[in-house]
Amino acid sequence: MADDLVNRPLHYRGQKYEAIDIIEDYELGFHLGNVIKYVLRSGKKFETIRDLRKAIWYLERYIDKLNVASEEEEK
């Protein structure tokens with residue numbers, strides 16, 4: 001299986017599944033999809049810590065978005 005940087009990049013593939021398959025199967029959307037993407041690729045493309053910090057960044061943004069939506073519902 002050749003490394004296809006557009007369709008099947010190595011840094012998004014595990015032994016059985018690709019990150020996109022998991023994200024789509026669970027219907028995670030943009031923020032949570034990126035959390036999964038950065039966790040699964042951690043240490044494969046850039047530095048592990050950088051990837052994990054990026055995952056945290058997306059997770060915190062999603063939490064903030066949920067908090068804003070919750071506050072608007074309470075009004």
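- Here the CG-OH distance, from Asp25 to Tyr17, works out to 9.5 Å after rounding to the nearest 0.5 Å.
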Tabulate below the donor-acceptor pairs under 3.5 Å that side-chain atoms of residues 26-35 make, not counting sequence neighbours, or state none.
unit_1	atom_1	unit_2	atom_2	d
Asn34	OD1	Lys37	NZ	3.0
Asn34	ND2	Phe30	O	3.3

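- Legend: residues meeting side-chain contact (heavy atoms from CB on, under 4.5 Å) with Arg53, ordered by chain and number and at least two apart, are Ile49.
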Enumerate, atom names and distances included, each donor-acceptor pair closer than 3.5 Å involving a side-chain atom of residues 55-71, sequence neighbours excluded.
unit_1	atom_1	unit_2	atom_2	d
Asn67	ND2	Ile63	O	3.4

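- Rounding to the nearest 0.5 Å places NZ of Lys44 at 10.5 Å from CG of Asp51.
- Partners of Leu52 by side-chain contact (heavy atoms from CB on, under 4.5 Å), not counting sequence neighbours, listed by chain and number: Val39, Ser42, Thr48.
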